[in-house]
Every structure is written in structure tokens, then in C-alpha cells.
4 protein chains.
Amino acid sequence: MAHSTPRGENPGAGAAGSGKRAQNKLENRRAILTAAREVFAEIGYEAASVRDIIGRTGLASGTFYNYYRSKEEIARAIASDAAERLRPILRAQREGATDFAGYLIGIIRVYFQFIVDEQLALHTTRQLAERYPRVRIQTPAAAAVFDELRSSIEFVMQRDPGLRVDVEYLTAAVIGVAREIGERMLARQPLDIDGAAAFAANLILRGLPAVPRVEP
Amino acid sequence: MAHSTPRGENPGAGAAGSGKRAQNKLENRRAILTAAREVFAEIGYEAASVRDIIGRTGLASGTFYNYYRSKEEIARAIASDAAERLRPILRAQREGATDFAGYLIGIIRVYFQFIVDEQLALHTTRQLAERYPRVRIQTPAAAAVFDELRSSIEFVMQRDPGLRVDVEYLTAAVIGVAREIGERMLARQPLDIDGAAAFAANLILRGLPAVPRVEP
Amino acid sequence: MAHSTPRGENPGAGAAGSGKRAQNKLENRRAILTAAREVFAEIGYEAASVRDIIGRTGLASGTFYNYYRSKEEIARAIASDAAERLRPILRAQREGATDFAGYLIGIIRVYFQFIVDEQLALHTTRQLAERYPRVRIQTPAAAAVFDELRSSIEFVMQRDPGLRVDVEYLTAAVIGVAREIGERMLARQPLDIDGAAAFAANLILRGLPAVPRVEP
Amino acid sequence: MAHSTPRGENPGAGAAGSGKRAQNKLENRRAILTAAREVFAEIGYEAASVRDIIGRTGLASGTFYNYYRSKEEIARAIASDAAERLRPILRAQREGATDFAGYLIGIIRVYFQFIVDEQLALHTTRQLAERYPRVRIQTPAAAAVFDELRSSIEFVMQRDPGLRVDVEYLTAAVIGVAREIGERMLARQPLDIDGAAAFAANLILRGLPAVPRVEP
DNA sequence: CATGAATGAGCATTCATTCAT
DNA sequence: AATGAATGAATGCTCATTCAT
């Protein structure tokens, strides 16, 4: 069925639609994963139902379980997929960097680029939840990405003997700055990755006075 | 809590809060609120069920609704309670501060103190939930507290004409730093609010070089 | 408490309000009964909650059970109360009547008068339910009243040897006509009990041609 | 029923109603509808729970919602199904009739036939519920059927210029007579639709004297 | 008696997951 | 594989009723 042509009757596959019924096992797997990423990003892991996810692919609900053992498993898959895509890029940055400053700028830019790509891949503009406790949408990928970021930063710090600071706190600060500024950046038009990265990196490296001035 | 009104059908019978009955009602109300704070902190708002909350108090499930109209209402109560306790402290900081640096240090310390108090109030060892996809637990209070923090920071920045920076990004950075360092601080023994606040404020004001050095 | 003065805080006792807290046991009993009649008439027996009823009296919910053992019992009380008030009037009609025609007119007028009084006593304009299956509101009294009516009619018929018709069907017809025309009558302004009774009685006694003509 | 659409997630897979699956689905749908009709007839719409309904089919409770979106929807389905089956028959009567008398007889017979068929479809011995306060059981179909009947009668009356009577009252009377006599008829053995219809129509058209005599 | 908080069964509905086709 | 109907536990919430005060 998934291999035949789509039927007009199928009401699933709305808007963001990865829709259309995929053509084979690999594509189905991808389609489900993408749909899950979308749905998690839109309404969060808890609020997302397996039906929400599978409905977007045009597949039947039972089919979900041919590809993923559970809702939990697909969340894990999304998380580790993101982490694994980010990891080599981070490593490259680490290896290419000559000093901590350069590394920091590089890593922040890489992270910003990554979340921009993710967002574009989703064809989704990130938004705060409509439902009550107006919280940040929970993406399974987010925690994984930050873990990745964290360990990369810590690794670099550990090998830099000139850095006599509290590594855990500094890492935390970098992550906090990246996360929050990254989110604001995504909401702005036009997109300015470099500007945001410069702001973040300068703030961390040289503090408030070093941060770019704006027109009065 | 602080600002939702009781739902008992008829608030007559002996003033409002004297007898053993009224006493007990207040205790139950507190017990439910505390239980809710705990459960939300442990598994997040969405995953928490009203039965989870009430179960912790030993009360019957219907009793929950004698005190709060819905799961959403108790979340709101928790959030606004936290916000309202934080607000005057933030305002005091704002009014007492002579320059941005002083203000920033003050506000960060206030925030750290606040989350320390909250944590103790929860009798809960904060744990980055070992649940499904490791997402950051969503606490109704957290969003409210950060909103409060954000508007306090923006208010101060707006009136400081020397601050020619991107206010939104700077606010985001402050919040990110406070949030992440605050969380690490909570996990450490012994508790060192001043150290953490000094780290965070120095980083933002003067950057990495200004941050306290550690022993090699 | 019910004996002290009413408190401004009490939000119960809306609109139709028999409200005010009754002054003693008998009055409380009456107040609850009246409130129940109102609520049943407004939203029907099933949809009515004991809290709806007691709320209208300003009494506490537990107090309901000092007067009636259950929601079912108060419905029964209302029903039999209505029946017992109607019974002697019907008997008087029966005893005063000389022929079936006179009796029929009398009994229909009595019934119409009764439902008018009931309606006025309720300060309620009868209305079809808002909730979905748009059904006739179910009043516990209605069935009882019709039973009363039915047995009165059957009693008269049984003793009238000239009436060689299917008594059960004729009774049913009288009841059907009375019920439906009575309901339409209640909705009209100005109230015209005699007109409605004449219509109903003439129709039954002499059929369509005997029914009052209207202006063209 | 007749006119609500299925809710299955994807109506593809083999046309619409051929295989054993589709067969079974239709049977379940019918079974649920029938069960609902029974339960509504026995204890009324309000008192009926979805579990009461689904329990009678042996299906699991969640399954109900594979077929109907809510308790309200199935009530609507039952009501409109009945109305839509009755409507064309009533229209045929209207169009075939040459005078009001003929029309009236026809319409009453049609209604009686209809409730007889319905009753058989229910496999239920109609019982004036021995429930709490003896209220007339509220069937979603009943209101719909009477609305249908009412508008058919009013339509005919409006176009008959010789009928100078209070149309609303006359309609009410017809409905009252049909409803009550119909109900008694259902309780009798053997079933005699024509006798009941003759009684009702004659009573309305020519009054008590015209009604069939019985043996002394 | 009156009060109103507490109770817990019950309700409509959702949802992850299973499994016959 | 894919399907989608079936499942039944779980959820938020209501309500008649009880009972300590």
C-alpha cells in the first residue's frame, strides 16, 4: 500500500507534510523520523502522539512499530542522530583550532549553523507552546546536542593548561549563552549567524565592553 | 498558594482561618501545592498526572479539586507564586543599584538565592530526570521566574543610556548564564552562592579573563 | 449557621433564588424542595446535581442529606407532592360533574391551571434544553401528574356505561392532547387557559370541525 | 449511521467495503449503533454511559471511539438516521393525500408503522423504565421523529385554506394523540396498527362519538 | 442540626501498542 | 512489510454521599 500511488482520500499529510507515502523501507524510516522531528518540535515530546507522527507520513499507525519499537525509541533515535551529525563537525573545529578564543568562536558558529539547518530541514518556525504552562518546546535532540557541545568544550578546556578556571561553570556559561542567544537568533529576520556568534563569543571572551555596539 | 482563592462551597462558618478545620484545610492546600511542585520538578508538567500529585499527599483523588480547579490551575498557582515572591526582591535590587555592574551582580545573586530556597522547599534532590528522552524538566515556576528576571533586566537596560548593545541578546545571555550556572551550583556541595554569582557576573561584565582562577 | 444572617460572600442563590438561608427545619425542607423543583425544571433530573440544588438555598451540601436521603428521594417527594396536590382537585371535578363532556372540560382546565400555577411558583419559563439531544426537560412531577390524571379519567370512564370505547386509548389520547397543548399554552402570551381548554376538550369530544375557528 | 462518516485513519486499502475486515467493521458499527439505541431506550440518553453501550457489544471501551467521536455524536446519528428514514415516507403521504382527513390517517399509520419497526429493531421490550423518578425515557430518535412529524403536519395545514384553526394547537394535539396511543399500542398483543390508527384519526377528525365502539 | 472537606467510584475520552488480515 | 481495527490502561474531572467538627 505504501508503495502504490497516493490516494486523494488521505487526509493526513497536512501543511508541513513530508507526506506522500514513502517508496521503500529506508524512505519510510526516514519519513517517520522526519515527521517525528517535526511533531516534537511543534508540540513537544510529551504532547506528541504516535498518531500525530505517523499521520504526517500517510502510513498506517501500525507501521510505525515496524520501524521503531516505541515513541521513546524514536525520540532516542532523533537525539542520537542529531548528536552524531554534530559530533564530527565539533571535532573538526577542535582539531583546527589553535587557541581557545578561536575554538570558542568556531564552536558557537557551528552550533548556530546546526540549529539553523535543523530548523530549515523542518520547514518549521520554532514557537512557544500554545498550551498552558507556556514552556519552551522540548525536543529530544536538544539535550543530546547540548551534551555533545558540553563534552567538546570540556575536552578542549582540559587540554588547555592556561585555562585556570572552573571548567564546569565555564562550560555551563557557554552553553547557556549559546542556547539562549541561538533561540533569539532563530526568531529574527534576516538571519544573522555571524552577528549572533560574534556577540556570544565576544561576551564570553572579553565581557560586556567587547560586545558589538548598536546605533543609538 | 499565595494567590488563588479557596474553592470551598461556602466560606462562612467561623471567620476564615482559625478552627482545626481551617487549619487542616490550609495544611492540605500546602501539601497539595508542595506535592505538585515536587512532581512537576521530577517528571515535568506534561507527564505529571493529578493522581501522581494527590497520591503523594495521601488524600483521595477528588480532593485535589476541592483545592484547585484543574491541573493547569495549580501549575499557574505555582508559577505566579514564585514570580510574585521573586518580583519585590528584584525590584529592590533594581532600586538599590547605582550602576549596571552592581545591579547585575545583585540580580544574579538574588536569583541563585531564590532557586536555592526553592530547592530546599521541594525536599527534592534535583536530578536531570533519568526519564525517556533526557529533556530538561519543565517546571511551571521556571518559565515564570525567567520571565520575571527577563523583564527586570530589560527594564534596567532600557534606562541605562550608556548601554549601547543589543538588549535582547544581552538579556538572553544573562539568563542563559544564570540558568546554567545556577543549575550546576545546586548540584555542588558545599553550596556556594557567592562564588557562583561572582563567576557569572564577572564573566558577563569583563569576560573570561576576569573570571576567578582556580588552583592548578 | 443557617439560622444566622446571610453572608455577602455566598455566591450560590442566583437569579431564581429561593435563597437566603431558611429560618428553621420546615423552611429548610421547603427551600430545598423548591430549589430542586427549579433545577429539575431547568436542566432535568439527570443533569441536575445535588450541589446545584443545595447551592440555590445557601445551605451547605451536607445539609441536603439531613432532609432527603438522596437525589432520588427528593425527586420522589416532588412527584408525590404534586400528585397529592392535584388529587383532591381532580376528585372534586369528578364528583361535581354530571356528564362526561362536562367532566372532561373540567379536568382539562384543572390540569392547565395546575401547570400554570406550578410554572408561576417556579418563576421559571419552561424551555427546551440547551444541551444536545434537544429533549423535553424531565420533571419528576410530570409522570406523577399524568398518572394522577390517568387514573382519574379511567375512574370516570369506568362508571359511565354509555362510553363504549377503548378506555385505555381514550385516556391516552386525552393525556396526549392535554400534555402537548398545555405545553404550547404555557409558551403563549397572554395566557389563555380557557381558550386552550376549549380547544382541547372540543377536539376530543366532537373532533376537528368543532374546534374554535380563527380569523382568516 | 446512515450519514455519519467512518473515522478510521486511512480509508484506502481495498476500496471501501468488500473484505472480511470491512465486513466486520460494518457489523461493529451496526452493533454499536443498535446497542446505543437499546441503552438510550432503556435508561435514557443522559443516564446512558458509553461503557453501557460498548459493554453490550463485547468490544473494548476504546473501540467505541473508532466509530463515533462521542456519545453526543452517536445520539445525533441515531436521531438523524430515524428522521431521514421517516422523512420520505411522510413526504409520500403528503403528496398522495387529497384531503386533510386522508392525509391525517395516512400520517398516523405511517408513524405507528415506524415505531413498530423501530421497536423490533431494538429487540427490546419497551418498558416504562422502573428507574428512579419515573420519567419518560428520552430517546434521541424520538425528538427527531416528532420534529419531522410536526413539520410535515404544519406543512399540510398551511396549504389547506379550509383549515381555519389554530395550527399550532392542532399539530400539538395530533402529536400528543399519536405519541400516547402509539405507546399503548406497542404494549398490546396482538399488534393492531390499523385499529390504533383508526382510533386516533377518528378521534381527531370527528371526536369521541366517531371513535370505534367496543363490545360491552 | 449545619457545615463543608473528604471520599472514591464513575465518566468521557485518549493513546501507545498489538495483531489478524 | 503495511494495514488499521481492537485493546485496555490511564487521564482529567464530576458527583452523590459521608462524617468529623
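Since the model is a prediction, treat every value here as computed from it, not as a measurement. Numbers restart at 1 for each chain; the letters A, B, ... are given by sequence-line order, proteins then strands.
- Place Ala48(A) and Ser61(B) on DNA chain E by their nearest nucleotides, and Ser61(B) ends up nearer the 5' end.
- Judged by distance alone, with hydrogens and angles left aside, the side-chain atoms of Thr139(B) form no donor-acceptor pair with the main-chain N or O of Ala141(B) at under 3.5 Å.
- A 3.5 Å limit on both hydrogen-bonding distances identifies dC15(E) as the Watson-Crick or G-U partner of dG8(F).
- In this entry the distance linking CD1 of Ile53(C) with C1' of dT17(F) reads 13 Å, nearest Å.
- Map Asn66(A) and Val50(B) each onto its nearest nucleotide of DNA chain F; the residue landing nearer the 5' end is Asn66(A).
- Residue Ala60(D) places its side chain closer to dG8(F) than to any other of dT11(F), dG8(F), dC11(E).
- Listed pair Asn28(C) / dA2(E) meets the phosphate criterion, a side-chain N or O lying under 4.0 Å from OP1 or OP2.
- Here dA16(F) presents its P atom at 12 Å from CD of Glu46(D), a figure rounded to the nearest Å.
- Nucleotide dT21(F) is matched to dA2(E) when pairs are restricted to Watson-Crick or G-U wobble geometry with both distances under 3.5 angstrom.
- Put simply, the side chain of Ser49(C) gets close to the backbone of Asp52(C): a donor and an acceptor are under 3.5 Å apart.
- Put simply, Tyr65(D) has no side-chain N or O that comes within less than 4.0 Å of OP1 or OP2 on dA5(F).
- The backbone N or O of Tyr67(B) sits less than 3.5 Å from a side-chain atom of Arg29(B), completing a donor-acceptor pair.
- Note on Tyr67(A): only backbone sugar-phosphate atoms sit closer than 4.0 angstrom, heavy atoms only; bases stay farther off.
- Residue Thr63(D) is the one, among Thr63(D) and Lys71(C), whose nearest nucleotide of DNA chain F lies closer to the 5' end (criterion: closest heavy atom).
- One interatomic measurement links the two molecules: OH of Tyr45(A) to P of dC15(E), which rounds to 14 Å at whole-angstrom precision.
- For dA10(F), the base has no donor-acceptor partner in the side chain of Arg51(B) [N/O atoms by modelled type, under 3.5 angstrom].
- Toward the 5' end of DNA chain E, the nearer of the two residues Asp52(D) and Gly58(B), judged by each one's closest nucleotide, is Gly58(B).
- Nearest heavy atom pair, residue Ile32(B) against residue Thr63(B), reads CD1-O, 4.5 Å.
- Put simply, CZ on Arg69(A) is 15 Å from C1' on dT18(E), counting in whole angstrom units.
- In this structure, of dC15(F), dT3(E), dC13(F), it is dC13(F) that holds the atom nearest to the side chain of Ser70(B).
- One atom, CZ of Phe64(D), and another, P of dG8(F), lie 18 Å apart when rounded to the nearest Å.
- A donor-acceptor pair under 3.5 Å links the side-chain atoms of Gln138(B) to the main chain of Arg136(A), judged by distance alone.
- As rounded to whole Å, 12 Å separates atom P of dA5(F) from atom CD1 of Ile32(D).
- Taking atom CD1 on Ile74(D) and atom P on dA12(E), their separation rounds to 12 Å, with Å as the unit.
- At whole-Å resolution of the value, CZ in Arg29(A) and C1' in dA1(F) are 14 Å apart.
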